[in-house]
Amino acid sequence: MRKVSFAEFGGPEVLRLLDAEEPHAGPGRIRVAVRAAGVNPVDWRIREGQVLGAHPTVLPSGVGIDAAGVVDEVGEGVTGVEVGAHVFGEGSSTYAEFAVLWAWVRMPEGLTFEEAAGYPSVVETALRVLREVGVMPGQTLLVSGASGGVGSAVLQIARDRGIAVIGTAGAANQDYLRGLGAAATTYGEGWAGRVRQLGSVDAALDLAGSGVIRELVELTGDPRKVVSIADLAAPDFGARFSGVAGSMEDALAEAAGLIARRKLHIPVDKAYPLAEAASAHADSRAGHTRGRRVLVV
């Protein structure tokens, strides 16, 4: 099979599309013929050699944790899914023609493989940070960096729970945020004042890591009501950094339910062929995404 791999840490240029041995489904696992793979910030952070305890890397290494595809092997002890089923979920080395998944759910009717590949990690992250920040129905949540995959999921899930949302993003994404039910404003100079004009804030999420923790704490009045997934310095201000994943199985089940009820839709900003994984990583690192980026196999 063909698989994206890297033999040294570095920039996008270290990624190579190579011939590789096919993986096989062990006990409790399934193998899928990958149709699309999600591109996540964690993918390029691992490729760069950033210290990520939950994802120890042995070189040479494959890339990718999210995928959607067609089941073609079912491991021992697995029930409730059969060869030929369309699923999306989390596994290892998903930038490949075949990948093994350890968490999965059937794709809701009407969802494309490209769309499905963009959900697993972002929905797990969105559900986790909403839980950790402790925002309740009737309160207002501020989301800094709201137009990407996680932000798109957070806004929709929060609105479904009766939580008002304010989102910051670039000028080009203001209408996109409003379409997801958020009061929107731009980041940049004076952004905190613009947020205050939109209303009081009970809790805040930093999804972009753009050095805004101090202002988020000031806006909420309580550092315990601020959570970041992108700024390791958040604890310096009394806020929380969230980097440890929760239950992917539960997240996938909730994602499938929300999608089926048409309460969650994350658009694919751009799809790349497998051979252009390096370009996908460069674009992901540059930010300014509206929704998700995926690789098509």
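Under the rule for a ring-ring contact (aromatic ring centres under 6.0 Å, His included), Tyr272 has no partner lying at least two apart in sequence or in another chain. Take Ala146 and apply the side-chain contact (heavy atoms from CB on, under 4.5 Å) test, not counting sequence neighbours, and it matches Val143, Leu155, Leu177. With sequence neighbours excluded, the residues satisfying side-chain hydrogen bond (donor to acceptor under 3.5 Å, both in side chains) with Arg261 are Asp160.
Listed by first then second residue, pairs satisfying side-chain hydrogen bond (donor to acceptor under 3.5 Å, both in side chains) with a partner in residues 8-21 read Arg2-Asp19, not counting sequence neighbours. Contacts classified as side-chain hydrogen bond (donor to acceptor under 3.5 Å, both in side chains) and involving residues 209-226 (residues at least two apart or in different chains) are given here: Asp222-Arg224. For residues 126-136, the pairs satisfying salt bridge (charged side-chain N to carboxylate O under 4.0 Å, His left out) are Glu124-Arg128, with sequence neighbours left out. Among residues at least two apart or in separate chains, salt bridge (charged side-chain N to carboxylate O under 4.0 Å, His left out) pairs with a member in residues 167-181 are Asp175-Arg178. Evaluation of the ring pair (Phe, Tyr, Trp, His ring centres under 6.0 Å) test over residues 91-118, restricted to residues two or more places apart or in two chains, returns His86-Phe113, Tyr95-His281. The stretch residues 193-212 participates, sequence neighbours left out, in no salt bridge (charged side-chain N to carboxylate O under 4.0 Å, His left out) pair at all.
Taking Ile, Leu, Val, Met, Phe, Trp and Tyr as members and joining any whose side-chain heavy atoms lie under 4.5 Å apart, directly or through other members, the hydrophobic cluster of Leu142 also contains Ile166, Trp191, Val195, Leu198, Val201, Val212, Ile213, Leu216, Val217, Leu219, Val226, Phe237. Under the 4.5 angstrom side-chain criterion for Ile, Leu, Val, Met, Phe, Trp and Tyr, Val58 has no cluster partners at all. The hydrophobic cluster containing Leu232, built from Ile/Leu/Val/Met/Phe/Trp/Tyr side-chain heavy atoms closer than 4.5 Å, also comprises Phe241.
Val165 has its side chain within reach of Arg159: a pair of non-hydrogen atoms, C-beta onward, lies under 4.5 Å apart.
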